[in-house]
Amino acid sequence: MSHAVLALAAAVSCVGGCVWSLPAVADIRARDDRPLSRRIAAAGCLTVWGTVALLAPLLLTPVSWSVIGVVAAAGAAVTTALAAGSRVHRARELRETERHWAAWGYGTPVRSASSRCRAFLVWLLPGLIVATAVAVAVLWTGPANPGRTAAAALTAAGVVSLFLVLAIVDAARGHAVRRGKAPTGSIRP
């Protein structure tokens with residue numbers, strides 16, 4: 001496949017990606033009106049689409065595939081780090097909210113099952129991307145042979161397993177808690 005076709009595909013993807021990137025820009029511009037976890041996730045979204053946008057002109061220049069691969073891998077790594085940071089901050093924000101609800105005497109809010117599924121996907125999808133990048137890097141470093149192919153497959157499986165364990169642990173921590181009844185009587189300041 002020629003570089004021009006891939007550049008066109010990257011450009012069309014960026015145009016379609018505005019569905020995610022424009023709300024991300026709005027989240028970042030809102031600054032303190034949005035939670036920190038949401039702003040970090042928005043930065044990750046802009047990073048991934050910025051990487052795709054950077055790849056489009058790079059594919060039209062006579063650079064080697066290794067340079068294009070390094071740019072794509074760097075974008076994927078930064079995006080994964082931002083996604084992980086966003087998850088950490090989101091968990092902290094949820095714990096703080098639960099403490100506030102408990103302090104006010106209302107019990108803790110119920111976390112929906114969809115948030116556990118989303119937490120699972122938030123860890124697993126970047127894991128698949130990182131595993132693919134690692135496997136490509138292992139295969140790219142030398143001549144193709146069965147040993148290198150097996151090493152790439154085992155390394156990718158290890159990366160996916162690590163992210164799968166992180167996803168399971170994160171989903172298990174988000175267990176549903178029943179909301180308590182509202183206290184009766186006067187409201188104390």
Side-chain angles (χ1 to χ4, degrees), residues 1-31 33-91 114-142 144 148-149 152-153 155-168 170-171:
M1 188 175 301
S2 73
H3 284 243
V5 172
L6 292 174
L8 179 63
V12 169
S13 296
C14 281
V15 170
C18 72
V19 173
W20 293 283
S21 60
L22 291 178
V25 168
D27 282 343
I28 289 177
R29 288 192 54 159
R31 294 193 178 137
D33 288 342
R34 300 287 193 278
L36 180 60
S37 63
R38 190 164 169 180
R39 288 181 280 150
I40 293 172
C45 178
L46 292 177
T47 301
V48 76
W49 288 112
T51 302
V52 173
L54 180 61
L55 288 175
L58 272 179
L59 287 166
L60 294 175
T61 60
V63 297
S64 68
W65 283 105
S66 61
V67 171
I68 293 170
V70 165
V71 169
V78 171
T79 301
T80 302
L82 287 170
S86 173
R87 292 298 305 161
V88 168
H89 282 285
R90 178 70 178 145
S114 64
S115 67
R116 290 190 305 258
C117 294
R118 195 171 319 126
F120 188 78
L121 289 176
V122 163
W123 282 109
L124 191 59
L125 292 179
L128 293 173
I129 293 168
V130 171
T132 303
V134 167
V136 167
V138 168
L139 291 173
W140 211 314
T141 58
R148 186 171 302 282
T149 304
T155 306
V159 170
V160 169
S161 298
L162 173 68
F163 276 85
L164 184 61
V165 167
L166 290 172
I168 290 170
D170 193 27

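In terms of modelled atom types and a separation under 3.5 Å, the side chain of Thr47 and the main chain of Ala43 share a donor-acceptor contact. Looking only at distances, a side-chain donor or acceptor of Arg39 sits under 3.5 Å from a matching main-chain atom of Arg31. Not one N or O on the side chain of Arg38 forms a donor-acceptor pair closer than 3.5 Å with the backbone of Asp27.
The distance from the NE2 atom of His89 to the CG atom of Leu82 is 10.0 Å, given to the nearest 0.5 Å. With values rounded to the nearest 0.5 angstrom, Leu55 atom CG is found 6.5 Å from Thr51 atom OG1. Distance check: Leu59 CG to Trp65 CH2 gives 6.0 Å after rounding to the nearest 0.5 Å.
For the pair Ile68 and Leu58, the tightest heavy-atom approach, listed with the atom from each and the gap, is CD1-O, 4.3 Å. Taking every heavy atom of both residues into account, Ala7 and Ala56 meet most closely at CB-O, 3.3 Å. Residues Ser13 and Val52 share a closest heavy-atom pair of CB-CG1, 4.3 Å. In terms of heavy atoms, Ala24 sits closest to Ala42 at O-CB, 3.5 Å. Of all non-hydrogen atoms in Ser37 and Arg90, the two that sit nearest each other are CB-N, 3.5 Å.
The shortest distance between side-chain heavy atoms of Ile129 and Thr80 does not fall below 4.5 Å. When side chains are defined from C-beta on, Cys18 does not count as touching Trp49, because their heavy atoms never get closer than 4.5 Å.
Qualifying side chain to side chain contact (heavy atoms under 4.5 Å, CB included) partners for Ser161, counting only residues two or more places apart in sequence or in other chains: none.
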